[in-house]
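All heavy atoms count here, side chains included; hydrogens, waters and symmetry mates do not. Lettering of chains follows the sequences in order, A, B, ..., and the numbering in each one begins at 1. Since we're looking at a predicted model, the values are computed, not measured.
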Number of protein chains: 2
Amino acid sequence: MGLAKSELFTNNQNEIAAFAKVFGHPARVSILQHLFKINRCICGDLVTVIGLAQPTISQHLRELKELQLIKGTIEGTSVCYCINHEKWKSMKNVLTNFLNMDVSNPLNCCGTDKKQNQ
Amino acid sequence: MGLAKSELFTNNQNEIAAFAKVFGHPARVSILQHLFKINRCICGDLVTVIGLAQPTISQHLRELKELQLIKGTIEGTSVCYCINHEKWKSMKNVLTNFLNMDVSNPLNCCGTDKKQNQ
DNA sequence: TTAATTAATCGTAATATTGCAATAGACAAA
DNA sequence: TTTGTCTATTGCAATATTACGATTAATTAA
């Protein structure tokens, strides 16, 4: 199918998945790291820095823009992209909450004497 | 192509993407939340709780197992799954480092007087 | 042994993702 | 206006993902 049955899940679960999904490609990770590093960037830079074709970079930028994690400002013929700090902060909250899940009893719940299925 | 050019990126970038990717589906988010909540789970439970078919759940469990975020122990005819806390902790480190990126100057790098490209 | 239970695997259909060449659109410079 | 520069969009090919019915494999119970 290729299509997640999102109606089976809570808004929070779908939101976590949506943010995680956009980080699920190293090019987008790399783009974000670059944007944080230089705090200003145009698309052409990224093509050189990353080594993917211009339409590919543009496509990855669009996915980041759709989640509002970055914003772009037109400057003449080029576009200046930068991190949307407010959105980044709220995304970080959502994901950090998920990553910080913990159990009352952190001991191994499965018997170590049993056969490990893997 | 559908295939990421992972050779263009650092090990760290690929690792971040791999972890994020596995969280990029709400079913896997839900499975992990359930495992944290009850600290012990058999596959059949998940099929009931989540509402996807058994082969689908099994497939999602395999992806989580491949990254060693969970482990399964055979108990009779069923399999007890639980969080691999050591791996969860190291994954959390990797992703938290990424999410905690910050810039020296958190001000908007793009002029607000310019046209917003979106 | 036979039957029942449980989870993994296989096979397949539908859809999504990745990547890029070609093109289009927007702007600046000449 | 024309030309050059930069980014977005379109269209497409290759591959990946999601989901599930059917089956298999492993174990337990009768």
Participant: Do Met101(A) and Gln33(B) have side-chain heavy atoms sitting under 4.5 Å apart?
Facilitator: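 Heavy-atom side-chain distance check passes, below 4.5 Å.
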
Participant: Determine whether a donor-acceptor pair (N or O, by modelled atom type, separation under 3.5 Å) exists between the side chain of Asp45(B) and the backbone of Cys41(B).
Facilitator: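 Pair absent, no side-chain N/O of Asp45(B) close to backbone of Cys41(B).
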
Participant: Atom CD1 of Ile70(B) and atom P of dA7(C): how far apart are they, to the nearest Å?
Facilitator: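 Distance, rounded to whole Å: 13 Å.
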
Participant: From the list dA8(C), dA19(D), dG19(C), which nucleotide is the closest neighbour of the side chain of Lys5(A)?
Facilitator: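 Nucleotide nearest to Lys5(A)'s side chain: dA19(D).
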
Participant: Does OP1 or OP2 of dG19(C) have a side-chain N or O of His60(A) closer than 4.0 Å?
Facilitator: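 Yes, His60(A) has a side-chain N/O under 4.0 Å of OP1/OP2 on dG19(C).
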
Participant: Do any N or O atoms from the side chain of Trp88(B) and from the backbone of Gln68(B) form a donor-acceptor pair under 3.5 angstrom?
Facilitator: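 No.
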
Participant: Please report the interatomic distance CG(Asn84(A)) to OG(Ser90(A)), rounded to the nearest 0.5 Å.
Facilitator: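 One finds 8.0 Å between CG of Asn84(A) and OG of Ser90(A).
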
Participant: Below 4.0 angstrom from OP1 or OP2 of dA8(D), is there any side-chain N or O of Ser58(A)?
Facilitator: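 The answer is yes; a side-chain N or O of Ser58(A) sits under 4.0 Å from OP1 or OP2.
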
Participant: From CD of Glu63(A) over to C1' of dA8(D), roughly how many Å is that when rounded to an integer?
Facilitator: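 Between C1' of dA8(D) and CD of Glu63(A): 14 Å.
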
Participant: Out of dC20(D), dA22(D), dA8(D), which has the shortest distance to the side chain of Tyr81(A)?
Facilitator: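 Of the candidates, dA8(D) comes closest.
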
Participant: For the pair His60(A) and His25(A), name the ring-plane relationship: parallel under 30°, tilted 30 to 60°, perpendicular over 60°.
Facilitator: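 Taking His25(A) first and then His60(A), their aromatic rings sit tilted (interplane angle of 30° to 60°).
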
Participant: Please examine the side chains of Leu52(A) and Leu8(B), heavy atoms only from C-beta on, and report whether any two atoms are closer than 4.5 Å.
Facilitator: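 A side-chain contact under 4.5 Å exists here.
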
Participant: Expressed as a whole number of angstroms, how long is the span from Asp45(B):CG to dA7(C):C1'?
Facilitator: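 Between C1' of dA7(C) and CG of Asp45(B): 13 Å.
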
Participant: Rounded to the nearest Å, what distance is computed from the CG atom of residue Leu61(A) to the C1' atom of nucleotide dT7(D)?
Facilitator: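 Answer to the nearest Å: 10 Å.
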
Participant: Given dT7(D), dT9(D), dA7(C), identify the nucleotide with an atom nearest to the side chain of Pro55(A).
Facilitator: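 Of all the options, the side chain of Pro55(A) is nearest to dT9(D).
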
Participant: For Ile74(A) and dA8(D), give me the distance from atom CD1 to atom C1', rounded to whole Å.
Facilitator: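 That distance rounds to 10 Å.
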
Participant: Want to settle it: does Gln59(A) or Gly76(A) sit nearer the 5' end of DNA chain C, counting the closest nucleotide to each?
Facilitator: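 It is Gln59(A), whose closest nucleotide lies nearer the 5' terminus.
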
Participant: Tell me the interatomic distance from Gln54(A), atom CD, to dT9(D), atom C1', rounded to whole angstroms.
Facilitator: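 After rounding, the reported distance stands at 10 Å.
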
Participant: Does dT9(C) have OP1 or OP2 sitting under 4.0 Å from an N or O in the side chain of Arg62(B)?
Facilitator: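 For Arg62(B), the contact criterion (side-chain N or O under 4.0 Å from OP1 or OP2 of dT9(C)) is met.
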
Participant: Expressed in angstrom and rounded to an integer, what is the separation of Glu75(A) atom CD from dA29(C) atom C1'?
Facilitator: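 Roughly 18 Å, once rounded to whole Å.
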
Participant: Give each protein N/O atom lying under 3.5 Å from an N/O atom of nucleotides 3-5 of chain C, with the pair distance.
Facilitator:
none

Participant: With sugar-phosphate meaning primed atoms plus P, OP1 and OP2, does Ile42(A) contact a base, only sugar-phosphate, or nothing at under 4.0 Å between heavy atoms?
Facilitator: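 Sugar-phosphate, no base atom in range.
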
Participant: Looking at Ser78(A) and Ile74(A), would you say the former's side chain and the latter's main chain have a donor-acceptor pair under 3.5 Å?
Facilitator: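 Not a single qualifying donor-acceptor pair exists.
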
Participant: Could you see if Val22(A) belongs to whatever hydrophobic cluster contains Leu3(A)? Use Ile, Leu, Val, Met, Phe, Trp, Tyr and a side-chain cutoff under 4.5 Å.
Facilitator: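 As far as the 4.5 Å side-chain criterion goes, Leu3(A) and Val22(A) are not connected within one cluster.
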
Participant: CG of Leu8(A) versus P of dA19(D): gap in Å, rounded?
Facilitator: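 From Leu8(A) CG to dA19(D) P: 8 Å.
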
Participant: Base, sugar-phosphate alone, or nothing: which one does Leu52(B) contact when heavy atoms must sit under 4.0 Å apart?
Facilitator: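 Sugar-phosphate, backbone atoms only, no base.
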
Participant: Could you say whether Leu3(A) or Thr56(A) is positioned toward the 5' end of DNA chain D, judged by the nucleotide with the nearest heavy atom to each?
Facilitator: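 Per heavy-atom nearest nucleotide, the more 5' residue is Thr56(A).
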
Participant: Can you sort out which residues in residues 14-29 of chain A have a heavy atom within less than 4.0 Å of DNA chain C? Ascending by number, please.
Facilitator: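 Within this stretch, Lys21(A), His25(A), Arg28(A) sit under 4.0 Å of the strand.
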
Participant: If you group Ile, Leu, Val, Met, Phe, Trp and Tyr by side-chain heavy-atom gaps below 4.5 Å, do Phe36(B) and Ile42(B) land in one group?
Facilitator: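 Hydrophobic grouping puts Phe36(B) apart from Ile42(B).
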
Participant: Got Leu46(A) and Leu61(A) here, is their nearest side-chain heavy-atom distance under 4.5 Å?
Facilitator: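 Yes, at least one pair of side-chain atoms sits under 4.5 Å.
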
